[in-house]
Amino acid sequence: MNILKLTLSYIRQNKLGTALNVLLLGLGMATIVVLLLFSKQLDDNLQSNVKGIDLVVGAKGSPLQLILSSVFHIDTPPGNIPVREARELSMHPMVAETIPLALGDSYEQYRIVGSTPALLDHYEVAVVQGASWSSAFEVVVGSQVAEEEGLTIGDTIVSAHGIGGGNAHGDHPLRVVGILGSAGSVIDRLVVTSIETVWAMHGLHSAEEDAHDEHDEEDSHDHEESESDHHDEDVMASDENLEYTTLLVKYKTPIAAATLPRYINKETSMQAAAPVFQTARLLSLLGTGIDAFRVFAYVLIFAASLGVFIALYNAMKERAYDLAIMRTMGASRGFLLKQVILEGVLLALLGTLFGLILGHGAAELLGTFVGESRGLDISGFFFSIDELWLVALAIVIGVIASVLPAIQAYRTDIARTLSQS
Amino acid sequence: MIELRGIEHRYEKDLVLSLPHFSVDSGGHALVLGLSGSGKSTLLHIMGGLLRPTAGSVTVAGVDMSSLKGHQLDRFRGKHIGIVFQQMHLLGSLTVEENIRLASYLAGKPQDDARIREVLTELDLFDKAKSYPNTLSQGQKQRVCIARAVINKPELILADEPTSSLDDVRSENVLRLLVKQAESYGATLVIATHDQRIKPHFENQLVLDDPVNVTQSAVEEAISR
């Protein structure tokens, strides 16, 4: 027998009250946990996807839309930019590297991205099966795409125009030639191919049969020489009509951040948006919603604390005789005080434990059913150091809820209680 | 042994108890008689250190309890005094055995399994060790209360109306158990009661009626009242 066993026996005795308080506190704590895991992982996701991209340059429109479409691949791009202007920008002295993207098609719910091998290098991902694309209509798929669609080397896939079920480009099946390793970022959910493939699938090539070969010359002449049977003039002429969707830009110097976006926005037909700035804006927009939920959660936790207080307060009346008897057996006032506070803290910890389990379970479910379809990698098996604060909060709640009942126990007049009964 | 000197107790200026002197020798047995309201319980609470008298001193096992402060007094009571109350109150959340263990724990004594088995066996409670109080009969509860009072082998056993709610046979049994437990290790036993059935068993009797004039009397005096 010890103070813990005694306290647990009281908690066990009042099963209904205990269950109710644990449930209430657990719901409040679970809400906090879900918010915590969600915002933390969302933040991590955003940070990892934004990493290394200083600027996104695309058509004029909403800067947030530009970032969402070209960095996170969850929105439609605002428009296209002329290749000529993009190429001029890549020559700018403050620009270290540019990666062009051609967007607009999808396979199932995955985006097809036309780009250069530099994109794979940017995401630090390598082809683990097969090889990179070498000619038009060859694609490499991200690890998640391969896994979920059961794709293997040599499979053909049919792309659709637009995002999420447009008209199928049935006449241009794409062949899977490579599968990428897992990078833990947005690349896992992409189908990557050459810019020329994307161009070829759209009007550009149907208007002029050999259009895609011209672009091949631009980006991968080494592979396509056998097919390159046209004149330089044609290439130049087509270039005027060709468009990228966006350009991912890496600065050569940090000073570029101060001048380059302004220059692009003012002096060109293009728009520049900094991912770091736009994601911060996005998070602050989401923050308002998260704050509302957090207030709701703290209201639940407050109600639960009140429940623990009332349960203990009533218990003290019921246990007045227990308290007096324990005093006659040698328990000091301090012991009774400690016992009641321990009971409050244990109840709060039980509720918090339940809340943590519930919260992680809910985050996992949310991640599985909602997160995946939105391209968010949310897991319930993610632990935040902030959860320790919830445990600390539980101890504080337990102490606050039990302090008055504990004082009541402390003040029990043994002789009077014993003669009243 | 227990010795009371010049005890007076008042509730809001009303004198409820006045006792110039009362003592029971070590291993001796005594009865405190009186009708309800005569101050029996008050006297018992004073003897057990549950109530501090307005005036006077109580010495148990050579220690003047008025010299003990808060926690010390609680510890002293737990170790040296075992009390059996009329209400037969047990902690409902604990089993019979746990209720008895609690008495050792709260007194700051080691929880001696052998001693617990011994007491359970002597009081015929061994089968009920794992039972909860709400499944016990009145007689069984009474025995658990006695077990709890004697587990730490206290020098002084106090019993407040231990027999008043019991029939003749059970009353006899409880009395026998209390005396037997006290005798088995030489404890001093004081029983407060208004139960006339008990009287013939004790020579040393204290009769409380008029709070201003109480005396420790011989058995003849007590019976003549």
Side-chain angles (χ1 to χ4, degrees), chain A residues 1-19 311-312 314-340 342-344 346-347 350 405-407 409-421, chain B residues 9 11 36-37 39-42 44-46 48-53 69-95 97-109 111 116 132-134 145 148-149 151-152 154 158 160:
Chain A
M1 181 54 53
N2 54 47
I3 191 167
L4 186 66
K5 279 188 184 168
L6 175 66
T7 306
L8 287 175
S9 85
Y10 278 131
I11 289 176
R12 266 200 308 274
Q13 193 184 23
N14 181 16
K15 285 193 178 69
L16 186 66
T18 300
L312 287 176
N314 286 333
M316 289 311 111
K317 284 181 193 156
E318 284 166 27
R319 286 190 219 155
Y321 214 96
D322 280 16
L323 296 169
I325 283 286
M326 284 195 274
R327 290 292 306 282
T328 68
M329 293 195 287
S332 64
R333 289 169 181 276
F335 174 86
L336 300 184
L337 188 86
K338 272 191 281 181
Q339 190 272 318
V340 178
L342 182 64
E343 194 168 338
L346 278 181
L347 275 174
L350 269 178
I407 289 171
Y410 182 88
R411 286 190 179 157
T412 303
D413 181 331
I414 325 175
R416 187 166 297 170
T417 308
L418 291 173
S419 12
Q420 271 168 358
S421 302
Chain B
H9 196 70
Y11 275 129
S36 33
K40 287 193 310 291
S41 290
T42 303
L44 212 71
H45 288 162
I46 288 171
L50 302 175
L51 197 63
R52 287 188 192 272
K69 302 286 165 220
H71 180 234
Q72 290 175 311
L73 180 60
D74 292 324
R75 262 298 146 85
F76 179 82
R77 178 168 57 235
K79 278 188 176 155
H80 302 283
I81 306 173
I83 313 176
V84 180
F85 293 97
Q86 184 183 0
Q87 290 85 357
M88 297 181 249
H89 186 87
L90 297 168
L91 268 67
S93 63
L94 300 178
T95 64
E97 190 193 326
E98 287 167 340
N99 264 285
I100 297 168
R101 278 182 183 279
L102 184 68
S104 288
Y105 170 65
L106 293 178
K109 291 217 166 184
Q111 294 167 47
I116 290 166
Y132 283 90
N134 58 7
C145 289
R148 187 171 66 182
I151 186 69
N152 299 325
L158 300 173
D160 188 9

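Each chain gets a letter, A, B and so on, in the order the sequences are listed, and its residues count up from 1. Please read these numbers as outputs of a predicted model, since none were measured by experiment.
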Any donor-acceptor pair under 3.5 Å linking the side chain of [X] with the backbone of [Y]?
{"X": "B/Ser104", "Y": "B/Lys109", "value": "no"}
{"X": "B/Arg101", "Y": "A/Met1", "value": "no"}
{"X": "B/Asn152", "Y": "B/Ala103", "value": "yes"}

Self-check item: Winner by heavy-atom pair count (cut-off under 4.5 Å) against chain A, out of B/Ile81, B/Leu102, B/Leu51
Solution: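 Of B/Ile81, B/Leu102, B/Leu51, B/Leu102 has the most heavy-atom pairs under 4.5 Å with chain A.
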
[X] versus chain B, the contacting section by heavy-atom distance below 4.5 Å:
{"X": "A/Tyr10", "value": "both"}
{"X": "A/Leu8", "value": "neither"}
{"X": "A/Asn2", "value": "both"}

Given a strict heavy-atom distance threshold of 4.5 Å, which part of [X] is in contact with chain A: side chain, backbone, both, or neither?
{"X": "B/His89", "answer": "both"}
{"X": "B/Leu90", "answer": "backbone"}
{"X": "B/Leu91", "answer": "both"}
{"X": "B/Gln111", "answer": "side chain"}

Exercise. Would you please classify the geometry between the B/His80 ring and the B/Phe76 ring as parallel, tilted or perpendicular, with 30° and 60° separating the classes?
Key: tilted

Quiz prompt | Salt bridge A/Arg327-B/Asp74, side-chain N to carboxylate O under 4.0 Å | solution =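 Yes, A/Arg327 and B/Asp74 are salt-bridged.
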
Self-check item: Short N-O contact, A/Glu343 and A/Lys338, less than 4.0 angstrom
Solution: no

